[in-house]
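Step one of this worksheet: look at the structure below.
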Amino acid sequence: MHIPSRRPDRPRSTARSARALLVAATLFATGGLAMPQVAAAAEAPAGASAERGDDIVGGLAEMLADATITLGGNDYPNPLRLQDGNAVDGPESWENVRREELLADFREHVYGESLPLPTEQTFDVSTSDTGDVVRKTVTIGVTGPEGSGSFDLRLFVPQGDGPPRGTSLMIDHRGSVGDDPGQSSGYAPVSTITGAGYAFAVIDANDLAPDDSGSYRDGVINLFHPSGRDLPDDAGRAISAWAWGASRAMDYLETDPDIDPTKVGVIGHSRSGKASLWAGAQDTRFAAVITNNSGSTGAKLARRGDGGVGAETVARINSSFPHWFPQTYREYNDNESALPVDQHELMGLVAPRRLVVGSATDDSNADPQGEFLAYVGAARVYELYGLGDTGLGSDDWRPETDRAHRGPAMSYHLRSGGHGLTGADWDVYLDGDLFSRAAAPAGL
Ligand code: GCU
């Protein structure tokens with residue numbers, strides 16, 4: 001297992017910075033250092049200057065943030081530390097500054113630059129009423145600099161007294177969901193979902209970028225890149241294109257009168273769970289983000305390496321799936337501690353919306369403990385909104401299995417068994433109200 005120390009390129013921790021300030025303030029208080037911004041203190045009564053110095057130290061130290069936080073006994077980047085070393089002091093600096101910094105880092109170093117918005121987008125809807133469920137097939141036409149193309153969104157809307165309780169938008173890399181509203185499988189139990197009162201929407205990831213290293217550009221992705229030329233090193237590959245496709249599907253869902261766009265959750269399993277997390281981190285229109293057994297470059301902390309359980313590392317994922325991530329991510333092969341970010345910060349980008357993480361006990365390739373610790377780390381961001389309750393009771397591995405641990409905006413479960421999206425996972429996802437925006441506590 002590869003355990004990092006501290007981020008090499010970032011300033012030192014608060015302790016050292018606070019010490020430096022203390023020295024400076026002491027010098028000031030004893031007349032040894034001129035600090036023009038506090039020159040007025042010279043006119044204060046005797047004894048007040050030392051006090052004032054203490055105040056300054058306290059105030060400035062409070063603004064600085066530790067470079068790292070501890071998760072499971074090891075150091076990880078502090079999501080609440082701005083690049084200038086100051087601390088995020090509330091939702092405003094999180095949303096306006098830190099969020100943008102993190103998104104830029106994840107684009108540059110992990111997922112690559114996203115495709116731009118299409119210059120033109122069309123929705124061609126065909127509807128069939130099958131009784132309890134209305135099925136729509138929406139052909140989403142998009143135009144980019146290299147031409148026009150399309151991909152399909154399938155939508156199943158239950159017919160009841162009111163609108164659906166919410167909509168689950170699935171990124172499906174298996175291309176396994178057909179037109180039949182009665183179909184059901186553990187992976188995509190369409191009839192169970194609609195039976196529970198939710199609409200189900202699904203896109204086939206392969207339409208955006210086929211899941212194959214030799215042909216991944218034979219999809220919508222190439223409307224934005226000249227064919228016959230290599231992609232730029234920092235351009236997103238398949239996972240980024242899939243996430244982008246989920247946002248284009250959301251563009252449509254916002255226009256559909258049968259859908260409440262404030263209650264759409266994006267869900268993906270495994271490789272698509274990496275894409276659902278990246279989609280939900282970027283696109284705040286998703287009220288909820290469900291990432292199931294997403295492992296490396298999904299819910300798992302990268303710095304844990306193989307997690308001591310033979311889990312997939314950055315080097316392994318880049319070599320086994322060279323079409324998923326940009327070239328820039330390869331700089332972190334066997335070098336995870338140099339990453340400026342880690343995956344708990346990606347989850348934090350979902351805040352204050354609902355984050356749902358599903359793991360499985362025997363899914364060692366995904367490092368369930370690494371997924372758990374990232375979930376725990378993301379709570380630091382939710383705390384800014386008063387929503388930091390993870391529902392876990394303890395931050396220590398390992399939590400009770402086969403139980404939905406749920407706070408007001410964060411949800412986690414550890415299913416017994418191996419890698420998969422199963423009926424038991426869906427039971428958790430359909431129970432309660434996971435597809436709605438979490439309500440911030442009064443006063444925030
Ligand atoms: C492989 C891969 C994982 C991925 C999984 C899947 O096991 O190593 O990163 O999540 O496939 O998509 O099922």
Side-chain angles (χ1 to χ4, degrees), residues 1-2 106 110-112 170-177 185-188 202-216 219 236-243 245-246 266-281 289-326 329-330 332-334 336 339 342-343 346-347 356-372 374-375 414-415 417-426:
M1 179 165 145
H2 173 67
F106 276 107
V110 183
Y111 299 101
M170 181 184 223
I171 302 174
D172 170 28
H173 60 272
R174 297 182 178 170
S176 61
V177 183
S185 65
Y187 175 74
V202 58
I203 55 172
D204 182 344
N206 293 282
D207 292 343
L208 294 144
D211 190 12
D212 175 76
S213 59
S215 62
Y216 77 98
R237 266 63 175 181
I239 300 281
S240 168
W242 301 351
V266 60
I267 177 168
H269 165 61
S270 203
R271 62 197 72 189
S272 293
K274 309 179 204 297
S276 67
L277 199 46
W278 181 224
V289 180
I290 302 180
T291 185
N292 191 80
N293 296 191
S294 58
S296 176
T297 326
K300 166 195 179 290
L301 289 168
R303 279 167 171 72
R304 277 176 54 85
D306 77 356
V309 291
E312 190 175 39
T313 59
V314 172
R316 239 176 66 203
I317 206 168
N318 279 330
S319 122
S320 311
F321 304 98
H323 59 295
W324 282 359
F325 304 108
Y329 192 38
R330 295 177 191 201
Y332 304 99
N333 288 354
D334 302 317
E336 289 92 342
L339 272 164
D342 213 321
Q343 300 303 105
L346 183 69
M347 289 187 195
V356 185
V357 176
S359 286
T361 52
D362 304 342
D363 188 10
S364 48
N365 187 50
D367 184 13
Q369 187 174 357
E371 296 177 325
F372 169 85
Y375 174 77
L414 177 64
R415 172 179 50 74
H419 188 68
L421 175 53
T422 69
D425 298 307
W426 278 105

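Note that this is a predicted model, so its numbers are computed, not measured. Counting starts at 1 for both ligands and their atoms, in listed order.
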*asked:* Determine whether a donor-acceptor pair (N or O, by modelled atom type, separation under 3.5 Å) exists between the side chain of Trp426 and the backbone of Gly186.
replied: yes
_With side chain to side chain contact (heavy atoms under 4.5 Å, CB included) as the test, pick out the partner of Asp172 among Ile267, Val202, Asn206._
Val202
Please tabulate, one line per pair, the protein N or O atoms found under 3.5 Å from any N or O atom of ligand 1, giving the distance to one decimal.
| from | atom 1 | to | atom 2 | distance (Å) |
| --- | --- | --- | --- | --- |
| ligand 1 | 7 (O) | Asn365 | ND2 | 3.3 |
| ligand 1 | 8 (O) | Glu312 | OE1 | 3.0 |
| ligand 1 | 8 (O) | Glu312 | OE2 | 2.6 |
| ligand 1 | 8 (O) | Asn365 | ND2 | 3.2 |
| ligand 1 | 9 (O) | Lys274 | NZ | 2.8 |
| ligand 1 | 9 (O) | Glu312 | OE1 | 2.5 |
| ligand 1 | 10 (O) | Ser270 | OG | 2.5 |
| ligand 1 | 10 (O) | Arg271 | N | 3.4 |
| ligand 1 | 10 (O) | Lys274 | NZ | 3.2 |
| ligand 1 | 11 (O) | Arg271 | NH2 | 2.9 |
| ligand 1 | 12 (O) | Ser270 | OG | 2.8 |
| ligand 1 | 12 (O) | Arg271 | N | 3.0 |
| ligand 1 | 12 (O) | Arg271 | NE | 2.5 |
| ligand 1 | 12 (O) | Arg271 | NH2 | 3.4 |
| ligand 1 | 13 (O) | Ser270 | OG | 2.7 |
| ligand 1 | 13 (O) | His419 | NE2 | 3.1 |

_Sequence-distant partners of Arg415, salt bridge (charged side-chain N to carboxylate O under 4.0 Å, His left out), two or more places apart_ = Asp425
*What residues, two or more places apart in sequence or in another chain, satisfy salt bridge (charged side-chain N to carboxylate O under 4.0 Å, His left out) together with Asp363?*
none
*Donor-acceptor contact present, side-chain Ser364 to main-chain Ala311, <3.5 Å*: no
*Among pairs that include at least one residue of residues 268-281, which meet salt bridge (Lys or Arg N to Asp or Glu O under 4.0 Å), considering only residues two or more places apart or in two chains?*
Asp211-Arg271
